[in-house]
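Predicted model only: the values in this text are computed from it and were never measured.
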Amino acid sequence: QELPETVLLKFFRPENTPVPARPTPEQLSNLIKTTLHYPESFNHSFHQKSLCLVPVTLLLSNCSQAVVDVMIDLRHKPTSSEALEIHGSFTWLGQTQYKLQLKGQEVYSLQLKACFVHTGVYNLGTPRVFAKLVDQVTLFETSQQNSRPALIIINNI
């Protein structure tokens, strides 16, 4: 008795057919890397001028190749009383929300001003950054991972 002839099946996919890859929540929370640039300590004469204004640069880096919608919210305040006791409270001056779009691998520099009324140690790491892929249909952006605390010392001279 003869065995039936075995035929090899070949599966192929045309090269130009895109495979939609859905990014994981972890990938979405790492689209934008944020870095704050500011002086480690700042000297100010509170006797001459009651408000101390410190320039701060928020650097936003798009870590993906895709175009990303970014929203920055400066209105966030630490809620725990412990954080307020240790670092005190300060205010961001000017615009409190920003919406922008970053191209793949683009780096954007945002100039901010922090306002202090007392000497002390403060955490400037309060801006909340949200991002989503431009072609992503979603009602909300994914919160971006916050960097470590950004401490500044305000001294009276």
Check whether the side chains of Q101 and D69 place a donor and an acceptor atom closer than 3.5 Å, and report yes or no.
yes

Verdict with supporting geometry, V70 and Y108, side chain to side chain contact (heavy atoms under 4.5 Å, CB included):
CA-CA 11 Å; V70 182; Y108 185 84; over 6 Å; no

Would you say T126 and W92 make side-chain contact, with heavy atoms under 4.5 Å?
yes

Could you check if a side-chain atom of I72 sits within less than 4.5 angstrom of a side-chain atom of V129, using non-hydrogen atoms only?
yes

In Å, rounded to the nearest 0.5 Å, how long is the span from CG of N43 to CD1 of I153?
10.0 Å

When you compare the side chain of L51 with that of V117, does any pair of heavy atoms fall below 4.5 Å?
yes

Which pair of heavy atoms, one from T57 and one from S109, lies closest together, and at what distance?
CG2-OG, 3.2 Å

Would you give the length of the straight line joining atom CG of D73 to atom OG1 of T96, rounded to the nearest 0.5 angstrom?
6.5 Å

Taking all non-hydrogen atoms of both residues into account, name the closest pair between P39 and P55 and its distance.
CD-O, 4.1 Å

Quick one: do L100 and L58 end up in the same hydrophobic cluster if we chain Ile, Leu, Val, Met, Phe, Trp and Tyr together by side-chain heavy atoms under 4.5 Å apart?
yes

With a 4.5 Å heavy-atom cut-off, do V68 and L133 have their side chains touching?
yes

Step by step, would you call N155 with S41 a side chain to side chain contact (heavy atoms under 4.5 Å, CB included)?
CA-CA 7 Å; N155 299 307; S41 65; 3.9 Å; yes

Surrounding NE2 of H118 (heavy atoms of other residues, nucleotides or ligands, distance under 6.0 Å), is the total greater than 12?
no

Gap between atom CZ of F116 and atom OG of S89 - 0.5 Å precision
10.0 Å

Nearest-0.5 Å distance, NE2 of residue H44 to CD1 of residue I154
9.0 Å

More than 12 heavy atoms of other groups within 6.0 Å of Q97 CD:
yes

Pairwise side-chain contact, N156 with H47, heavy-atom cut-off 4.5 Å (strictly under)
yes

Please answer whether the main-chain N or O of L151 pairs with a side-chain N or O of Y38 as donor and acceptor at a distance below 3.5 Å.
yes

Are the side chains of Y98 and L74 in touch, meaning some heavy atoms are under 4.5 Å apart?
yes

Smallest separation among heavy atoms of S61 and V107, with atom names:
OG-CG2, 3.9 Å

If you count the non-hydrogen atoms of other residues, nucleotides and ligands that lie under 6.0 Å from CD in E40, is the total more than 12?
no

Please examine the side chains of L124 and L112, heavy atoms only from C-beta on, and report whether any two atoms are closer than 4.5 Å.
no

Under the 3.5 angstrom rule, does the side chain of N62 hit a backbone N or O of K103 as a donor-acceptor pair?
yes

Would you say the side chain of N30 lies within less than 4.5 Å of the side chain of C63, judging by non-hydrogen atoms?
no

Got a donor-acceptor contact below 3.5 angstrom from the N123 side chain to the A150 backbone?
yes

